[in-house]
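Heads up, the thing below is written out as C-alpha cells.
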Amino acid sequence: MEATDAVNTDRRVALVTGASRGLGAAISTALADDGVTVAVNFARDKAAADRVREEITAAGGRAELFRADVTDEGEVDALYEAVLAEFGRIDILVLNATGPQPMLSLDELQWRDLLDQFEFFVKSPLLLAKKVVPEMRRRGWGRIVNVGSEVVELGVPFSSAYVAAKGAQLGLTRSWARELGPHGITVNLVAPGWIPTERHVDSTDDEKAGYANGVPLGHLGTPGDVAEAVAYLASDRARFVTGQRIAVNGGNTLA
Ligand SMILES: NC(=O)c1ccc[n+]([C@@H]2O[C@H](COP(=O)([O-])OP(=O)(O)OC[C@H]3O[C@@H](n4cnc5c(N)ncnc54)[C@H](OP(=O)(O)O)[C@@H]3O)[C@@H](O)[C@H]2O)c1
C-alpha cells in the first residue's frame, strides 16, 4: 500500500459503480471534467463502458474499465485490488449501480424481492465502503456519495422493495457521516427524480409529460443534472457538507 501511494498523488481517483450507462456514465464524465481519474465499473456491457472511457479520454481525462458484480463480495475484493493496482488509490466512492427494479404489489412481493434490492443499495455499499474507508481514514480525506432516490419521500406504490432499500441507503449515509466525519470523510446522498435513461426506453411521452406536470420546474431532469450534484459533493467545494440528502428533482419532493 505504501508503494502505491506515490502514484498519481496529483489526481484524485473515483470509483463509480454501474458507470457503463445512465447516471453512472454522466457522473463519470462530470468527475473527469473536474480532473478526477475515474475507475469506470460495469457488470456486463463492456462496449457501453468503453464508450464512456473514450469520451473521457477524448476530452483529455483519464479513465479505465473495471468489470465486477458489485453485489458479490469476492468480485468487490478483486475490483478494489484491480483499481489499486491501476491507480494506487481511491479517494471518491460513488455508489450508483442498480439491477432491475420490478413493480410488485404487496400480494406478489416475496422476501427475496427485498433482498434483491438490498443487494445493490445496502450490501454493495457496505462491501465497498469497508474496502475504501481504511485508506481514506489514513489520508484524512475521502468522499462517499450514494445515489439514492426521491421514491423514499414519495412512497411510490408497487415499489416497496426498492423504496425500502433506498431508505436503508439513506440510513447508512446519515450514520456513516457521523462515524467517518472525524476522519475527514464526508458521506452524502443525491436523490434524483425520474431521469429517463436507457432503461426507460419503453416509457411513453404521456408518462413523461404526466410526471413533468407535477414538477415545480416543469420538466424532467437529465443525467447531467444528477452528475453535477455528485461532482460537487465529491469536490473540496463541499468540504463542510456531510450526512445530507440532496434532491435533484426540480423540487418534486418539496414539502
Ligand atoms: N434514472 C432514474 O430515473 C433514477 C431515479 C432515481 C434514482 N436512480 C438511481 O440512480 C442509479 C443509476 O440508475 P440508472 O437509471 O442510471 O440505471 P441504469 O441506466 O439501469 O444503469 C445501471 C448500471 O448499473 C450497472 N450494473 C447492473 N448490475 C450491476 C452489478 N451487479 N454490478 C455492477 N454494476 C451493475 C449496469 O452495468 P451493465 O450495463 O454493464 O450491466 C449499468 O451501468 C441507481 O441507483 C438508481 O436507483 C435513478
Side-chain angles (χ1 to χ4, degrees), residues 15-30 38-53 63 65-80 82-83 93-103 115-125 127-128 144-156 159 161-170 172-173 189-203 207-208 211-212 215 219-227 229-230 245-250 252-253:
L15 169 59
V16 183
T17 71
S20 58
R21 65 179 201 173
L23 304 189
I27 290 165
S28 297
T29 53
V38 184
V40 174
N41 162 249
F42 69 102
R44 281 165 293 270
D45 195 346
K46 182 170 183 303
D50 259 326
R51 288 193 291 276
V52 177
R53 175 175 55 183
L65 307 188
F66 297 88
R67 200 217 64 78
D69 173 356
V70 292
T71 68
D72 180 280
E73 187 163 1
E75 295 205 18
V76 167
D77 288 351
L79 169 65
Y80 176 72
V83 177
L93 174 63
V94 182
L95 298 157
N96 168 80
T98 183
Q101 302 162 5
M103 303 277 287
L115 288 178
D116 286 346
Q117 299 304 314
F118 275 71
E119 295 269 346
F120 277 95
F121 306 128
V122 177
K123 181 184 176 189
S124 181
L127 294 175
L128 282 156
I144 298 177
V145 185
N146 275 299
V147 180
S149 174
E150 68 173 5
V151 298
V152 177
E153 280 65 44
L154 296 177
V156 173
S159 293
Y162 179 65
V163 173
K166 286 294 189 189
Q169 193 181 17
L170 179 60
L172 293 180
T173 302
L189 181 140
V190 172
W194 184 22
I195 312 282
T197 62
E198 290 88 332
R199 81 188 148 89
H200 299 111
V201 283
D202 295 333
S203 300
E207 286 168 336
K208 290 176 188 166
Y211 177 90
V215 173
H219 60 86
L220 293 163
T222 66
D225 293 329
V226 178
V230 174
R245 178 188 68 88
I246 298 185
V248 180
N249 63 359
N252 199 37
T253 44

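As the structure lists them, so they are numbered: ligands from 1, and atoms in each ligand from 1. Since this is a predicted model, take the numbers as computed values, not measurements.
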Nearest non-hydrogen protein atom, atom 17 (O) of ligand 1: R199 NE, 3.3 Å

Numbered atoms of ligand 1 (with element) below 4.0 Å of R21, judged on heavy atoms: 18 (P), 19 (O), 20 (O), 21 (O), 42 (C), 43 (O)

Nearest-neighbour protein heavy atom for atom 5 (C) of ligand 1, which is reported as residue plus atom name and distance: G193 O, 3.1 Å

Close approach, K166 and ligand 1, non-hydrogen under 4.0 angstrom: yes

Min heavy-atom dist E119 to ligand 1 below 4.0 Å: no

Backbone of A43 reached by a side-chain donor or acceptor of R67 within 3.5 Å: yes

Heavy atom of the protein closest to atom 7 (C) of ligand 1 (residue, atom name, distance): G148 O, 3.1 Å

Close approach, N41 and ligand 1, non-hydrogen under 4.0 angstrom: yes

From the candidates F42, Y211, Y162, the one that places a heavy atom nearest atom 8 (N) of ligand 1: Y162

Flag side-chain contact, heavy atom, 4.5 Å: Y211 against N252: yes

Side-chain donor-acceptor contact under 3.5 Å, D45 with S20: no

Residue N96 vicinity, atoms of ligand 1 by number, heavy atom under 4.0 Å: 10 (O), 11 (C), 12 (C), 44 (C), 45 (O)

pair S159-V151: side-chain heavy atoms closer than 4.5 Å: no

Straight-line distance of Q117 CD to T98 OG1, nearest 0.5 Å: 6.0 Å

Polar atom proximity, I195 to ligand 1 (N or O, under 3.5 Å): yes

Numbered atoms of ligand 1 (with element) below 4.0 Å of A19, judged on heavy atoms: 43 (O)

Check: L23 N/O within less than 3.5 Å of ligand 1 N/O: yes

Nearest-neighbour protein heavy atom for atom 42 (C) of ligand 1, which is reported as residue plus atom name and distance: S20 OG, 3.5 Å

Enclosure of E73 CD (heavy-atom neighbours >12, cutoff 6.0 Å): no

Geometric N/O contact G18 with ligand 1, under 3.5 angstrom: yes

Residue F121 vicinity, atoms of ligand 1 by number, heavy atom under 4.0 Å: 45 (O), 47 (O)

Protein heavy-atom partner closest to atom 27 (C) of ligand 1 - residue, atom, separation in Å: T98 O, 3.1 Å

Atom 31 (N) of ligand 1: nearest protein contact (heavy atom, Å): D69 OD1, 2.8 Å

Whether S124 lies under 4.0 Å from ligand 1, heavy atom: no

pair I27-V147: side-chain heavy atoms closer than 4.5 Å: yes

Any A68 heavy atom less than 4.0 Å to ligand 1: yes

Distance (rounded to the nearest 0.5 Å) between E150 CD and W194 CH2: 11.0 Å

From L79, L127, L95, residue fulfilling side-chain contact (heavy atoms from CB on, under 4.5 Å) relative to V70: L79

Min N/O separation W194 to ligand 1 under 3.5 Å: no

L220 side chain near V215 side chain, heavy-atom distance below 4.5 Å: no

Given V76, N41, I144, the one that forms side-chain contact (heavy atoms from CB on, under 4.5 Å) with L128: V76

Atom indices of ligand 1 within 4.0 angstrom of D45 heavy atoms, with elements: 38 (P), 39 (O), 40 (O)

Nearest-0.5 Å distance that lies between atom CD in E153 and atom CG in N249: 8.5 Å

Contacting atoms of ligand 1, where contact means under 4.0 angstrom from a heavy atom of R44: 27 (C), 28 (N), 38 (P), 40 (O), 41 (O)

Backbone N/O of G22 and side chain of E198: donor-acceptor pair under 3.5 Å: yes

Ligand 1 contacted by A191 (non-hydrogen, < 4.0 Å): no

For G22, the ligand 1 atoms whose distance to one of its heavy atoms is below 4.0 Å: 16 (O), 19 (O)

Contact partition for V70 relative to ligand 1, non-hydrogen atoms under 4.0 Å: both

Side-chain heavy atoms of L189 within contact of Q169, under 4.5 Å: yes

Any donor-acceptor N/O pair, T17 side chain to N96 backbone, under 3.5 Å: yes

Gap between atom CD of Q101 and atom CG of D116 - 0.5 Å precision: 11.5 Å

Per-residue contact class, E150 against ligand 1 - non-hydrogen pairs under 4.0 Å: neither

Nearest neighbour in protein (non-hydrogen) for atom 35 (C) of ligand 1: A43 CB, 3.5 Å

Proximal atoms of ligand 1 relative to V147 (non-hydrogen, under 4.0 Å): 9 (C), 10 (O), 11 (C), 45 (O)

H200 touching ligand 1 at heavy-atom level, < 4.0 angstrom: yes

4.5 Å side-chain heavy-atom contact, K208 and H200: no

